Student: 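This is the structure I have questions about; it appears just below.
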Amino acid sequence: MSSNANGQQGLIKGILKRPASISPSASSPTHPDASPSRPLQNLQLDTADVMSAQLPSTARSNGKSPAPPMLRKHSSPMMPPFMVSAPGKVIVYGEHAVVHGKPAIAAAISLRSYLHVSFLSKSHRTVTMRFPDIELEHTWELDKLPWDAFAAPGKKKFYYDSVTSLDPDLQAALEPSIQLVSPNAPESIRKIHHSTACCFLYLFCSLASRKTPPCVYTLRSTIPLRAGLGSSASISVCISAALLLQIRALSGPHQDQPPQECELQIERINRWAFVGEMCIHGNPSGIDNTVAAGGKAVLYQRQGPEKPPRIVPIHSFPELPLLLVNTRQSRSTAVEVAKVATLRENHPALTENILDSIGLVTESAYKLLTSPDFDPSSLAALKHLGDLVTINHGLLVSLGVSHPKLERIRELIDHTGIGWTKLTGAGGGGCAITIIKPRPTSAANGNGVHHEHSSSSEASDSDSDSPATAAASVISSGTKLKHRILDNLEVKLGNEGFDKFETTLAGDGVGVLWPAVLHNVNEEEGGEEIDQEKFLRAEGTEGIERLVGVASARARKVDALRDVREGWKFWRPWETEADDED
Ligand SMILES: Nc1ncnc2c1ncn2[C@@H]1O[C@H](COP(=O)(O)OP(=O)(O)O)[C@@H](O)[C@H]1O
Ligand SMILES: C[C@@](O)(CCOP(=O)(O)O)CC(=O)O
């Protein structure tokens, strides 16, 4: 790839492609997860030095061919901005039963948070958090942050450490800096701002250092907040990944990274994201950050109070088109969980049976997904997964955690025959998900409902679209019909006050755009830099996705499923595994 306008792109790519290197004289002990392929040994990286580090002449620009040697640019120490991104999640099977020890499956969705990191000249000595989704903006003076507390003997944590609880002394040391945030906001808003600020500062003070270059962290998310979609885990993963990249504690992402190495990077990000989640939630289960960091899907099962939960990645979970509808009905997870507990007290045998059945639903899905014969493109396999969605919803209704709005959404969607629908998460409001059928006409829901959209007149209508659409003949008529159904549905759902999102299930985890430059926009001039102001001005989900180079299959008018994310790189252990098998 050619270098960008300021000539630093090759250098930055090189930095990303190598694990944090050490000077030969460094005498730090070997850290626990060092491996021959990951010669990471330097445990206390000096961020300022690292961030102006020189590309070794052996670094390669694209993973294939050697890049021309580059000289250190003493006169231009400022880094171009970079971005990281992480997905939200849905529970596909097993919510509520998971509280009672049964397994659940959660998967990533293509709604994501995006964090833009830009650097200021050294004279600034500040760090700024710009989080407009919650109207939060704050600048701290770097020298006034409690670095000594975080570096004190017994307190200092390293990037490879596993931190499973927040340190009350460190929380107390952060308190004065947190109290500076939004002092005049109403109490309810201040609480949200303070927990987000705590998430950011705890990670910043743990991973960065006093010598960190002045930075601005700008965050925007396309994930609705507090709707059970893991928005907090997604931002925690972004913050963790950005800081770990800044201190060069991550290798890649790059194309030919072995699966174990991908997993190591994901694990490292995930550990710190869990710390961020603890700042926002107190006692998170860890499932949301695990999915946001690693992507795809995981099986999750509690193993009692003393043991850590069982978390098994499901790399074979297929990427599926998913319709997500937000009731916009606020609900409390605690209230819904308590409802099930009460039902269990009043009707122990019945409730236990329902919970067991939900456990069986999850196990059936897991068995199918991990079977050696599993063919994600087979209609029978998709129908099996879809039937399990329908059964799971019925069981959740029996537990009393649905809501009239969720039932209304299911009714509207079932009527179109477009897919299999269930509530997701705690219920009592929140969101519904629909796994979309490949061909809505032939795969109608089979319960005798008349499908207004499956008439032949509609199908032929869709074939005689405008010249522009017709020219995009790569879209099959089945897909056009599906789009038409979805468009009609959007109007109906919108009229009733629901928000509809067309997303993808089981996609990528954390992603990196380094530097924050898009190339196909303006190739001749070295691409277009995504600067902080453009990022802040982007309008809504569409504006953000367009700015950061995301083009959905639908926007590209093709039948393909996966969104194109131009320039973005991901750790995809499943892809390398698949390649190895070839
Ligand atoms: N886009 C965002 N910008 C800033 N903070 C966010 C954002 N998304 C989530 N958060 C933080 O996470 C909290 C929401 O977490 P939570 O209530 O668990 O909802 P969810 O189920 O979506 O994770 C917010 O109150 C805020 O502290
Ligand atoms: C109902 C439950 O199983 C899932 C709650 O999910 P959410 O809060 O809607 O993301 C509770 C839990 O697992 O802690």
Side-chain angles (χ1 to χ4, degrees), residues 85-106 109 111-116 129-138 178 181-182 188-200 217-239 273 276-289 291-292 300-302 309 324 326-327 329-341 355 358-359 362 392 396 399-403 406 423-433 541 544:
S85 164
K89 71 97 199 3
V90 291
I91 299 182
V92 190
Y93 305 107
E95 49 275 90
H96 286 287
V98 72
V99 175
H100 303 274
K102 321 289 175 215
I105 292 176
I109 52 174
L111 300 179
R112 302 176 71 93
S113 300
Y114 297 89
L115 179 64
H116 180 278
M129 196 176 63
R130 298 183 86 179
F131 290 6
D133 297 340
I134 58 166
E135 293 175 17
L136 166 60
E137 176 156 348
H138 191 82
I178 292 174
V181 175
S182 313
S188 57
I189 308 267
R190 213 150 56 91
K191 230 173 122 190
I192 292 172
H193 286 190
H194 285 192
S195 62
T196 304
C198 175
C199 166
F200 175 78
Y217 296 84
T218 308
L219 184 130
R220 298 199 59 191
S221 183
T222 65
I223 307 167
L225 271 73
R226 292 181 283 279
L229 300 176
S231 67
S232 59
S234 168
I235 71 157
S236 299
V237 167
C238 286
I239 296 167
E277 269 281 80
M278 283 192 283
C279 295
I280 297 177
H281 278 290
N283 186 22
S285 69
I287 190 169
D288 287 12
N289 48 283
V291 173
Y300 177 91
Q301 188 165 23
R302 289 189 179 164
L324 178 73
N326 188 357
T327 59
Q329 172 72 40
S330 68
R331 89 285 183 260
S332 146
T333 299
V335 167
E336 300 306 313
V337 169
K339 267 192 210 169
V340 177
L355 296 171
I358 294 179
T362 305
N392 196 159
L396 289 164
L399 288 178
V401 295
S402 191
H403 184 277
L406 287 164
L423 69 84
T424 182
C431 294
I433 53 170
T541 297
I544 295 173

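What you see is a predicted model, and the numbers here were worked out from it, not measured in a lab. Numbering of ligands and ligand atoms starts at 1, following listing order.
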Student: Please tell me whether T222 and R112 have a donor and an acceptor in their side chains that are separated by less than 3.5 angstrom.
Tutor: no
Student: One residue to check: H281. Relative to ligand 1, which of side chain, backbone, both or neither has a non-hydrogen atom less than 4.0 Å away?
Tutor: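 H281 to ligand 1: side-chain contact only, backbone stays beyond 4.0 Å.
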Student: Check whether any side-chain heavy atom of E95 sits under 4.5 Å from a side-chain heavy atom of N392, and report yes or no.
Tutor: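 Answer yes - side chains close enough.
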Student: Tell me, which protein residue and heavy-atom name are nearest atom 24 (C) of ligand 1, and how many Å apart are they?
Tutor: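 Checked against all protein heavy atoms, atom 24 (C) of ligand 1 sits closest to R226 NH1, 3.3 Å.
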Student: Output yes when a side-chain donor or acceptor of T362 lies under 3.5 Å from a complementary backbone atom of P103, and no otherwise.
Tutor: yes
Student: So, does H96 sit close enough to ligand 2 that a heavy atom of it is under 4.0 Å from the ligand?
Tutor: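 In this structure, H96 qualifies as a contact of ligand 2 - some heavy atom is under 4.0 Å.
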Student: Which bit of S231 is near ligand 1, meaning a heavy atom under 4.0 Å away: side chain, backbone, both or neither?
Tutor: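 Both the backbone and the side chain of S231 come within reach of ligand 1.
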Student: Any donor and acceptor pair, going by atom type alone, linking the side chain of Q301 with main-chain N or O of A104 inside 3.5 Å?
Tutor: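 Flag not set: sc Q301 to bb A104 has no pair under 3.5 Å.
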Student: Got I544 and Y114 here, is their nearest side-chain heavy-atom distance under 4.5 Å?
Tutor: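 Yes. Closest side-chain heavy atoms under 4.5 Å.
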Student: Below 4.0 Å from any atom of ligand 2, is there a heavy atom belonging to R226?
Tutor: no
Student: Only heavy atoms of L219, strictly under 4.0 Å: list the atoms of ligand 1 that pass.
Tutor: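 Once the distances to L219 are compared, the set is 1 (N), 2 (C), 3 (N).
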Student: So is D288 polar-close to ligand 2, meaning N/O to N/O under 3.5 Å?
Tutor: no
Student: Does S234 reach the main-chain N or O of G230 with its side chain, forming a donor-acceptor pair under 3.5 Å?
Tutor: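 Not confirmed, S234 side chain does not pair with G230 backbone.
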Student: Closest non-hydrogen protein atom to atom 1 (N) of ligand 1, residue and atom name please, with distance?
Tutor: D133 OD2, 2.8 Å
Student: Run the ring pair (Phe, Tyr, Trp, His ring centres under 6.0 Å) test against H96 and tell me which residues pass, sequence neighbours left out.
Tutor: none
Student: Who's the nearest protein heavy-atom neighbour of atom 7 (C) of ligand 1, and how far?
Tutor: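 That would be I235 CG2, 3.8 Å.
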Student: Please work out which of L423, V340, I91 has its closest non-hydrogen atom nearest to atom 4 (C) of ligand 2.
Tutor: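 Shortest heavy-atom distance from atom 4 (C) of ligand 2: I91.
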Student: With a cut-off of 4.0 Å, which atoms of ligand 1 are near a heavy atom of G230?
Tutor: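 Per the distance check, 20 (P), 21 (O), 22 (O), 23 (O).
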Student: Which atoms of ligand 1 are found less than 4.0 Å from any heavy atom of S195?
Tutor: 27 (O)
Student: State whether a side-chain donor-acceptor pair under 3.5 Å links H403 with T327.
Tutor: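 Not at all, the side chains of H403 and T327 share no donor-acceptor pair under 3.5 Å.
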Student: Distance under 4.0 Å to a non-hydrogen atom of R302: what atoms of ligand 2 satisfy this?
Tutor: 14 (O)
Student: Flag S232 as yes when one of its N or O atoms lies below 3.5 Å from any N or O atom of ligand 1, and as no otherwise.
Tutor: yes
Student: Using distance alone, determine whether L229 and ligand 2 share an N or O pair under 3.5 Å.
Tutor: no
Student: With no hydrogens and no angle check, is any side-chain donor or acceptor of Q329 less than 3.5 Å from a backbone partner on G429?
Tutor: no
Student: Please list, in number order, the atoms of ligand 2 under 4.0 Å from a heavy atom of E95.
Tutor: 3 (O)
Student: Polar-atom distance check: K89 versus ligand 2, any N or O pair below 3.5 Å?
Tutor: yes
Student: Side chain to side chain contact (heavy atoms under 4.5 Å, CB included) with T218: which residues, sequence neighbours excluded?
Tutor: H116, R130, V216, Q532, F535, L536
Student: Please check if the side chain of S195 supplies one atom and the backbone of I192 the other of a donor-acceptor pair under 3.5 Å.
Tutor: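 Yes: the side chain of S195 pairs with the backbone of I192.
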Student: With heavy-atom distances below 4.0 Å as the criterion, list the atoms of ligand 1 near G228.
Tutor: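 Taking each heavy atom of G228 in turn, ligand 1 has 21 (O) under 4.0 Å.
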Student: Applying side-chain contact (heavy atoms from CB on, under 4.5 Å) between P224 and each of N326, T541, D133, report the one that passes.
Tutor: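 Only one option passes, and that is N326.
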Student: Hey, is the main chain of L355 close enough, under 3.5 Å, to the side chain of H100 for a donor-acceptor pair?
Tutor: no
Student: Answer whether the closest heavy-atom distance between the side chains of E277 and S232 falls below 4.5 Å.
Tutor: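 Yes, at least one pair of side-chain atoms sits under 4.5 Å.
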Student: Hey, which atoms in ligand 2 end up nearer than 4.0 Å to a heavy atom of R331?
Tutor: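 With R331 as reference, the close atoms of ligand 2 come out as 7 (P), 8 (O), 9 (O).
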Student: Check each heavy atom of L229 against ligand 1 and say whether those closer than 4.0 Å belong to the side chain, the backbone, both or neither.
Tutor: backbone
Student: Examine D288 against ligand 1 and note whether any of their N/O atoms are separated by less than 3.5 Å.
Tutor: no
Student: Number the atoms of ligand 2 from 1 as they appear, then name those within less than 4.0 Å of a heavy atom of V99, with their elements.
Tutor: 3 (O), 11 (C), 12 (C), 13 (O)
Student: Which residue supplies the protein heavy atom nearest to atom 8 (O) of ligand 2, what is that atom called, and how far is it?
Tutor: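 It is T333 OG1, 2.7 Å.
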Student: Counting each atom of ligand 1 from 1 as listed, which ones have a heavy atom of S221 under 4.0 Å away?
Tutor: 1 (N)
Student: Mark up the atoms of ligand 2 that fall under 4.0 Å of a heavy atom belonging to V98, in ascending order.
Tutor: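 The atoms of ligand 2 under 4.0 Å from a heavy atom of V98 are 3 (O), 13 (O).
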Student: Please confirm whether T424 comes within less than 3.5 Å of ligand 2 when only nitrogen or oxygen atoms on both sides are compared.
Tutor: no
Student: Mind checking whether S113 has a heavy atom under 4.0 Å from ligand 1?
Tutor: no
Student: Tell me which protein heavy atom sits closest to atom 26 (C) of ligand 1, plus the residue, atom name and distance to 0.1 Å.
Tutor: T196 OG1, 3.3 Å
Student: Any donor and acceptor pair, going by atom type alone, linking the side chain of S182 with main-chain N or O of R190 inside 3.5 Å?
Tutor: no
Student: Are the side chain of S85 and the backbone of S113 linked by a donor-acceptor contact shorter than 3.5 Å?
Tutor: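 Answer holds: yes.
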